[in-house]
Enquirer: 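Mind having a look at this structure? Questions to follow.
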Amino acid sequence: MDRRDFLKLIISATILTGTGVSTRKDIKEAYFYEKLDNKKVRCTNCPHECVLGPGETGFCRARKNIDGKLYSLAYGNPCAVHIDPIEKKPLFHFLPGTTAFSIATAGCNFRCKFCQNYQISQKSPDETFNQELSPEDIVQNVLYYRGKHNISSIAYTYTEPGIFYEYMIDTSEKAKKYGIKNIYHSNGYLNEKPLLRLTKYLDGANIDLKFFNEKTYQDMSMGHLEPVLETLKTLHRQGVHLEITNLVIPQVNDNFDEIKRMVKWIKSNLGRDIPIHFSRFFPTYKLTNLPPTPVSTVERARALALNMGMHYVYIGNVPAGHPGENTYCPKCKRTLIRRLGFMVVENNLVDGKCPYCGTPIEGVWG
Ligand code: SF4
């Protein structure tokens with residue numbers, strides 16, 4: 001197989017799961033952990049702070065204590081590699097119309113009952129079919145395909161990228177040197193120190209704010225709300241372009257008092273310019289007993305957030321061409337970007353401003 005065929009193979013890779021085949025056993029000593037007595041370690045990468053004895057693996061299934069040292073099992077072995085429209089992340093205010101070279105390894109530090117990628121997120125890297133791609137390989141792929149596919153960025157996505165932290169950091173550091181941007185789509189469950197180090201290389205982030213209720217975070221995802229809110233504040237404070245996704249699930253978080261409290265928090269802590277995406281749920285994984293979210297529910301959530309003064313509110317997983325997918329000027333209300341699903345069909349912005357009234361529009365535009 002020559003280099004071109006090899007690259008084609010990688011680019012066309014789909015999510016391959018559950019075969020029990022791992023093509024490589026890459027491990028890398030973790031960047032954030034403490035050594036304890038009796039060869040135990042405490043992982044300080046995410047708020048779970050797992051304490052692991054020799055031979056034990058963390059809650060995320062991607063970190064292991066080997067003879068008193070903590071190693072990432074998810075380094076250079078992605079199980080998902082795709083080129084996606086940036087709109088699919090979703091990032092609507094970040095270089096619209098470009099694509100992101102998107103990667104994930106197996107594992108996650110949440111247990112979401114509604115996970116759309118549970119075939120890879122709820123596995124260890126030993127249980128998925130993986131590619132062999134070092135950070136350098138990823139960057140070379142992007143450089144090779146950049147022109148042909150209009151790639152602007154590398155996206156760490158699909159599963160929780162915080163659990164392949166070392167792979168993400170090393171890749172993003174290399175990417176930055178070549179002017180390639182780095183995108184983080186995450187559940188926001190990362191400790192502050194690793195997050196601050198990551199923000200040196202990050203250009204954009206979409207964080208899932210799954211619920212605005214501590215109990216639901218515990219029951220549905222086995223996580224906690226407060227660390228996610230801290231992550232949002234840190235990313236914003238560090239100047240990383242930030243968008244927020246809230247998956248609205250019937251009978252779980254389609255309570256409008258909760259949505260109202262969430263929007264109020266976003267507005268007072270992050271400001272009115274943070275784009276919010278209310279996305280429809282479809283039955284999957286452990287929540288196949290629930291119905292899909294009615295389009296009218298996310299429309300109502302969008303109207304509520306706009307009425308509360310948020311400037312950019314979108315709805316997702318709705319029929320393509322819905323007006324709630326478009327970007328409007330918050331001042332003159334004219335259409336700035338018209339979308340059809342993940343496709344940008346019209347972009348009227350001029351130098352990041354509304355061409356009709358000159359209002360600057362929050363985002364990364366060029
Ligand atoms: S990254 Fe994994 S091993 Fe580390 S604390 Fe979080 S769940 Fe535990």
Side-chain angles (χ1 to χ4, degrees), residues 22 25-80 103-113 115 117-118 120-128 130 135 156-172 184-199 201-202 205 207-208 210 214 217-232 234-235:
S22 181
K25 303 274 184 196
D26 266 335
I27 58 170
K28 172 98 175 173
E29 188 170 356
Y31 291 166
F32 289 91
Y33 77 101
E34 294 163 3
K35 289 183 178 173
L36 306 174
D37 292 342
N38 302 320
K39 290 197 170 180
K40 285 187 175 177
V41 298
R42 176 185 287 112
C43 177
T44 53
N45 193 54
C46 93
H48 287 301
E49 302 226 341
C50 300
V51 173
L52 306 171
E56 289 181 340
T57 304
F59 182 75
C60 59
R61 305 184 178 97
R63 280 157 197 278
K64 187 172 184 178
N65 178 340
I66 301 174
D67 202 23
K69 286 184 177 179
L70 185 66
Y71 289 90
S72 165
L73 307 176
Y75 192 92
N77 51 356
C79 59
I103 58 169
T105 73
C108 187
N109 54 0
F110 272 8
R111 296 285 184 271
C112 300
K113 293 178 179 170
C115 183
N117 292 327
Y118 66 92
I120 52 174
S121 71
Q122 301 307 312
K123 302 273 185 193
S124 79
D126 285 341
E127 295 175 305
T128 49
N130 306 324
Y156 311 93
T157 180
Y158 306 131
T159 58
E160 171 44 42
I163 65 96
F164 57 90
Y165 182 83
E166 293 74 14
Y167 187 31
M168 170 168 61
I169 280 278
D170 290 3
T171 305
S172 54
Y184 178 55
H185 183 187
S186 164
N187 62 19
Y189 217 58
L190 196 66
N191 279 344
E192 191 183 22
K193 271 191 186 168
L195 181 64
L196 282 173
R197 179 163 166 191
L198 180 64
T199 57
Y201 311 111
L202 274 191
I207 302 297
D208 291 324
K210 294 171 192 279
E214 169 61 21
Y217 252 103
Q218 289 178 30
D219 293 349
M220 282 282 151
S221 300
M222 294 183 78
H224 298 281
L225 170 63
E226 199 53 42
V228 181
L229 299 181
E230 285 305 314
T231 289
L232 287 168
T234 303
L235 287 170

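In listed order, ligands and their atoms are each counted from 1.
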Enquirer: Nearest 0.5 Å, please: how far is OG1 in Thr105 from CD in Glu160?
Expert: 10.0 Å
Enquirer: Under 6.0 Å between ring centres: does that hold for Tyr156 and Tyr184?
Expert: no
Enquirer: Does the structure place the NZ or CZ of Arg197 under 6.0 Å from the centre of the six-membered ring of Tyr165, at an angle of no more than 45° from the ring's axis?
Expert: no
Enquirer: With salt bridge (Lys or Arg N to Asp or Glu O under 4.0 Å) as the rule and sequence neighbours excluded, what pairs involving residues 29-38 come up?
Expert: Glu34-Arg42
Enquirer: Relative to the heavy atoms of Glu49, which atoms of ligand 1 are at a distance of less than 4.0 Å?
Expert: 5 (S)
Enquirer: To check you understand the geometry: which heavy-atom pair defines the closest contact between Gly188 and Thr231, and what is its length?
Expert: O-OG1, 2.6 Å
Enquirer: Pull up every protein N/O/S atom sitting under 2.8 Å from atom 2 (Fe) of ligand 1, skipping waters.
Expert: Cys60 SG
Enquirer: Mind listing the closest non-hydrogen atom pair of Pro227 and Pro47 along with its distance?
Expert: CB-CG, 3.7 Å
